[in-house]
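What follows is a set of notes on a single structure, which appears directly below.
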Amino acid sequence: MPELPEVETTRRGIEPHIVNQTVVDIVVRQRQLRWPIPRALQALKGAVVKAVQRRGKYLLLRSDTGTAILHLGMSGSLRIATAGDELRKHDHVDFLLGSGVILRFHDPRRFGAVLWTTRDPHRHKLLASLGPEPLCDHFDGGHLFAQSRHRTLAVKNFIMDGKVVVGVGNIYASEALYLAAIRPTASSCKISRARYNTLANTIRGVLGDAIEAGGTTLRDFVNPQGNPGYFLQSLYVYGRTGEPCRRCETPIKHSVIGQRGSFFCPRCQSARY
DNA sequence: CCGGACTCCTGGGTGC
DNA sequence: TGCACCCAGGAGTCCG
């Protein structure tokens with residue numbers, strides 16, 4: 001579910017409730033997520049959360065004693081709850097705050113993660129080799145061009161590689177390629193610098209617009225206050241198999257690239273180079 | 001090093 | 001209504 005816009009929407013939703021709050025207790029009901037939740041996470045108890053940051057799709061709860069690293073996987077979510085709220089199935093972790101608010105981690109598929117580090121989180125194994133943030137940094141077409149010269153994989157898989165650029169998941173990869181008029185199966189090393197400039201712009205544009213819309217709600221994504229995102233109605237190709245292209249009315253095609261569903265307009269996305 | 005397959009897990013949708 | 005089956009937004013790991 002959560003790609004970068006949904007994670008950023010989550011970050012913005014929890015930040016005002018979390019920052020400068022003392023973590024008074026941490027309740028772990030299900031330790032077996034993607035990796036077991038480390039016992040050392042309890043070191044956050046008694047500490048004040050100084051900042052809620054995002055790196056790619058990872059959320060960082062920073063404190064003086066260390067940093068909790070959270071990942072929502074495919075089905076994870078964070079909710080702002082209070083003690084009276086009924087516990088749902090798959091509510092795996094509660095962070096109880098001094099204000100009485102509870103930050104509640106929910107994840108049916110358990111592909112998510114809750115980790116802990118006392119070191120610089122950006123040097124953590126999972127974060128150390130991540131590529132640039134698409135919405136800032138030095139992310140541009142030149143970067144994509146340079147990174148792709150010796151890569152033969154499909155451009156869709158290339159832009160979904162977190163070492164190339166973070167945060168581009170299956171939905172927004174299809175959308176950005178549509179807006180850049182590039183066929184998703186095109187070999188990444190054969191695409192021109194000019195077209196990568198366009199692609200970098202459409203990646204930034206689609207992610208930025210999705211954040212402004214509060215993310216995409218396909219099935220069950222809700223922000224920490226329980227509200228859905230409104231970007232679904234803005235999608236051009238994702239999930240629109242057989243429906244008319246919004247530009248040329250050609251039916252949208254579906255295919256599987258790298259084990260993941262991909263969507264494109266066979267007419268608008270004819271560029272392979 | 002690279003690319004592709006596989007894997008973790010549960011739930012929703014579909015078709016019989 | 002029940003049930004078997006298929007599919008899913010991520011991404012680390014393994015193998016060739």
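A close approach under 4.0 Å does occur between a side-chain nitrogen or oxygen of A:His90 and OP1 or OP2 of B:dG11. Between C:dA11 and A:His71, a contact under 4.0 Å exists linking OP1 or OP2 to a side-chain N or O.
Ion pair A:Arg55/A:Glu133 flagged as a salt bridge, since at least one NZ, NE, NH1 or NH2 atom sits closer than 4.0 Å to an Asp/Glu carboxylate oxygen. Salt bridge absent: A:Asp107 and A:Arg110 never bring a charged side-chain N and a carboxylate O closer than 4.0 Å.
The CZ atom of A:Arg183 sits 6.5 Å away from the OG atom of A:Ser270 when rounded to the nearest 0.5 Å.
A donor-acceptor contact under 3.5 angstrom links the side-chain atoms of A:Arg109 to the base of B:dC9. For A:Arg260 against C:dG10, a side-chain N or O and a base N or O form a donor-acceptor pair under 3.5 Å.
Rounded to whole Å, the P atom of B:dC9 lies 24 Å from the corresponding atom of C:dC3. Taking the P atoms as reference points, C:dC6 lies 15 Å from B:dC6, given to the whole Å.
Between A:Ile257 atom CD1 and B:dA5 atom P the separation is 12 Å, expressed in whole Å. Rounded to an integer number of Å, the gap from A:Glu175 CD to C:dG9 P is 13 Å. The CE-C1' distance, from A:Met160 to C:dG12, rounds to 14 Å in whole Å. B:dG11 atom C1' lies 10 Å from atom NE2 of A:His106, rounded to whole Å. The NZ-P distance, from A:Lys125 to C:dT13, rounds to 4 Å in whole Å. At whole-Å resolution of the value, NZ in A:Lys156 and P in B:dG3 are 16 Å apart. Atom CG of A:Leu59 is separated from atom C1' of C:dG10 by 14 Å (rounded to the nearest Å). Between the P atom of C:dA11 and the CG atom of A:Leu130 lies a distance of 9 Å, rounded to the nearest Å.
The nearest heavy atom of DNA chain C to A:Trp35 and to A:Gly261 marks one nucleotide each, and the one closer to the 5' end goes with A:Gly261. Taking the nucleotide of DNA chain B with the nearest heavy atom to each of A:Thr152 and A:Pro108, the more 5' of the two is matched to A:Thr152.
When distances run from any side-chain atom of A:Leu126 to the nucleotides C:dG12, B:dG4, B:dC2, the shortest one goes to C:dG12. Comparing C:dG10, B:dG3, C:dA8 by their closest approach to the side chain of A:His254 singles out C:dA8. In this structure, of C:dA11, C:dG9, B:dG3, it is C:dG9 that holds the atom nearest to the side chain of A:Ile171. Looking at the side chain of A:Gln259, the nearest of the listed nucleotides B:dC9, B:dC6, C:dA8 is B:dC6.
Across all strands, A:Arg34 comes closer than 4.0 Å to base atoms (heavy-atom distances). If you check every strand for non-hydrogen atoms under 4.0 Å, A:Tyr58 touches sugar and phosphate atoms only.
A:Pro132 and A:Val165 make their closest contact through O-CG2, 3.5 Å (heavy atoms, listed as atom of the first residue, atom of the second, distance).
Stacking here means ring centres nearer than 5.5 Å and ring planes tilted less than 30 degrees, and by that measure A:Phe111 stacks onto C:dG10.
A:Ile26 has its side chain within reach of A:Phe95: a pair of non-hydrogen atoms, C-beta onward, lies under 4.5 Å apart. For the pair A:Leu96/A:Val27, a side-chain contact is recorded, criterion being any heavy-atom separation below 4.5 Å from C-beta on.
As the counterpart of B:dC9, no nucleotide is assigned, since no Watson-Crick or G-U wobble pattern has both distances under 3.5 Å.
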